[in-house]
Number of protein chains: 2
Amino acid sequence: MPDRDAALDAIQRELTAFARRARHKAAQMHPDLSLVTYSMLDLVKERGSCRASDLAAHFMLDKSTVSRQVTALEKLGLITREPDPEDQRGQLLRPSEDGLRLLADAAERRRLAFRERFTDWTDDDIARFAGYLTRYGAGD
Amino acid sequence: MPDRDAALDAIQRELTAFARRARHKAAQMHPDLSLVTYSMLDLVKERGSCRASDLAAHFMLDKSTVSRQVTALEKLGLITREPDPEDQRGQLLRPSEDGLRLLADAAERRRLAFRERFTDWTDDDIARFAGYLTRYGAGD
DNA sequence: GGTCTGCGGTTGTAAAGTGCAACTTGACGG
DNA sequence: CCGTCAAGTTGCACTTTACAACCGCAGACC
């Protein structure tokens, strides 16, 4: 089935092309935060609170890398660290007020950019595209 | 139109999630080449021959970065460089036999992984998904 | 023809992200 | 009490990347 293979090639190419551009654009949007650092902050918000090892597992990164990024986020005042009362080895990460503000601001700007980009797409096309992406992402 | 916004949010979330994991997965799939280096080789093959500045423009990378990656590709014997007969300043990049072989091999492995992942997708769904991604990518 | 401007590419330098390994500290089971 | 394991930190090396300075050639303009 050559058509199917050609389509699979296109999917692969476009997704990697997107990944390349994502880092570039994320760097422009938030000069102080990389895409990964931003995602970590986002996950901390999503979970309410979590440990550094949770971040390492979720992002498939080494714990040392996470340690440094968390330190950076704390230095920027975007998260707080407190020892885990249940296990003194670990620490609970929480987003700070500034961190929440930054996330909300970024989400809003991103939404505006997306509205712009999809102006000439129909509602049906957008819904189907979102459905396909979700279905793809569920395979991870 | 809340549905539309919800779908846009989903698209945004899934695409950034993919971008996060891209590096890790690419490293697994192509152990010898980085994601960017591999993409460069792929574009050179796609175009038949091209100049380094074309790569820089397409990948939104600095020309110095491209220069180093191209040097690496040449050292690995995956591409060849020859002065552009039309413009002595530039150079024409072409994939070597080894480069073509590596690309074909990688494409085959990738296709296998993708076939696995997309087993329960219909041909129509895959074609539409590829179409949406291409349409999205064309907006850059 | 000579000069100026601009483009294609290279190299030096610095910064950031990442993984591996060694270490510290605390938890848990014999 | 001790050995083992888990959570984080730090040192180190490597890679990727951008910016800036530079070289050589091309094309335009006088």
Side-chain angles (χ1 to χ4, degrees), chain A residues 16 19-41 44 47 49-76 79-94, chain B residues 16 19-28 30-41 43-44 47 49-76 79-94:
Chain A
T16 51
R20 260 191 323 254
R21 294 181 196 122
R23 283 176 194 281
H24 191 258
K25 296 196 167 170
Q28 288 185 333
M29 202 190 264
H30 288 297
D32 19 342
L33 254 49
S34 75
L35 181 61
V36 170
T37 313
Y38 172 83
S39 299
M40 286 184 183
L41 177 56
V44 171
R47 299 260 177 103
S49 77
C50 71
R51 299 196 316 272
S53 53
D54 296 337
L55 297 178
H58 188 262
F59 295 116
M60 298 192 294
L61 291 171
D62 193 79
K63 53 185 181 169
S64 63
T65 301
V66 174
S67 172
R68 291 175 229 273
Q69 300 297 338
V70 166
T71 303
L73 280 171
E74 192 196 22
K75 273 214 175 77
L76 288 170
I79 62 169
T80 62
R81 287 199 270 196
E82 53 188 277
D84 187 340
E86 316 244 320
D87 186 338
Q88 291 296 115
R89 293 173 303 177
Q91 52 195 213
L92 291 181
L93 310 175
R94 296 181 194 282
Chain B
T16 47
R20 262 193 264 112
R21 293 182 289 244
R23 189 184 299 264
H24 186 83
K25 294 195 164 175
Q28 287 183 334
H30 315 295
D32 351 328
L33 293 180
S34 78
L35 180 61
V36 170
T37 314
Y38 172 83
S39 300
M40 285 183 184
L41 178 56
L43 186 62
V44 170
R47 299 258 176 104
S49 77
C50 72
R51 298 195 316 268
S53 55
D54 296 337
L55 297 178
H58 187 262
F59 295 115
M60 297 194 298
L61 290 171
D62 193 78
K63 54 184 181 170
S64 64
T65 302
V66 174
S67 172
R68 290 177 228 270
Q69 300 295 341
V70 165
T71 303
L73 279 171
E74 192 195 22
K75 273 214 175 78
L76 289 170
I79 62 169
T80 62
R81 288 199 269 195
E82 54 186 278
D84 186 341
E86 314 245 319
D87 186 337
Q88 291 296 116
R89 293 173 302 177
Q91 51 195 213
L92 289 182
L93 310 176
R94 297 181 193 282

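Here is how names work: the chains are called A, B, and so on, in the same order as the sequence lines, proteins then strands, and each is numbered from 1.
In this structure, A:L92 places its CG atom 15 Å from C1' of C:dG26, rounding to the nearest Å. Rounded to an integer number of Å, the gap from A:R23 CZ to C:dA16 P is 16 Å. Atom pair A:D87:CG and C:dT24:P shows a separation of 19 Å (rounding to whole Å applied). Between the P atom of C:dT18 and the CG atom of B:L35 lies a distance of 14 Å, rounded to the nearest Å. Summarising the geometry, the separation between CZ on A:R68 and C1' on C:dG19 is reported as 9 Å, rounded to the nearest angstrom. One interatomic measurement links the two molecules: CD of B:E86 to P of C:dG8, which rounds to 14 Å at whole-angstrom precision. When rounded to the nearest whole Å, the span between CD of B:E82 and C1' of C:dG9 equals 16 Å. Atom CD in A:Q91 sits roughly 14 Å away from atom P in C:dA27 (whole-Å rounding).
In this model, a side-chain donor or acceptor of A:R89 finds a partner on the base of D:dA6 within 3.5 Å.
You'll find the side chain of B:E74 stays beyond 4.5 Å of the side chain of B:T80, heavy atoms only. With a 4.5 Å cut-off on side-chain heavy atoms, B:L33 and B:L76 count as touching. Side-chain contact between A:R81 and A:R94 is absent, with no heavy atoms from C-beta onward closer than 4.5 Å. At a threshold of 4.5 Å between non-hydrogen side-chain atoms, the residues A:Y38 and B:T16 do not count as touching. By the 4.5 Å heavy-atom criterion applied to side chains, A:C50 and A:L55 are counted as neighbours. Two residues are said to be in side-chain contact when any heavy atoms from C-beta on lie closer than 4.5 Å; A:R20 and B:L61 fail this criterion.
No donor-acceptor pair under 3.5 Å is formed between the side chain of A:D87 and the backbone N or O of A:D84.
For the pair A:S64 and D:dT9, the criterion of a side-chain N or O lying under 4.0 Å from OP1 or OP2 is not met. For the OP1/OP2 pair of D:dA7 and a distance below 4.0 Å, the side-chain nitrogens and oxygens of A:Q88 include no atom meeting the criterion. Look at A:Q69 and you'll find a side-chain N or O under 4.0 angstrom from OP1 or OP2 of C:dT18. In terms of phosphate contacts, B:S34 brings a side-chain nitrogen or oxygen within less than 4.0 Å of OP1 or OP2 of D:dT16. At least one side-chain nitrogen or oxygen of B:T65 sits closer than 4.0 Å to the OP1 or OP2 atom of D:dA18. Phosphate contact (OP1/OP2 of C:dG8, side-chain N/O of B:R81, threshold under 4.0 Å): absent.
When each of D:dA26, C:dC20, D:dA7 is scored by its nearest atom to the side-chain atoms of A:K63, the top-ranked nucleotide is D:dA7.
Note on A:V66: nothing from the nucleic acid sits closer than 4.0 angstrom, heavy atoms only. B:D62 comes within contact range of at least one nucleobase, with a heavy-atom separation under 4.0 Å. Residue contacts shown for B:V70 are absent, as no nucleic acid heavy atom lies under 4.0 Å away.
Taking every heavy atom of residues 50-61 of chain A and every atom of DNA chain D, pairs under 4.0 Å involve A:R51, A:A52, A:S53, by number.
With no hydrogens or angles considered, no side-chain donor-acceptor pair links B:S67 and B:S64 at under 3.5 Å.
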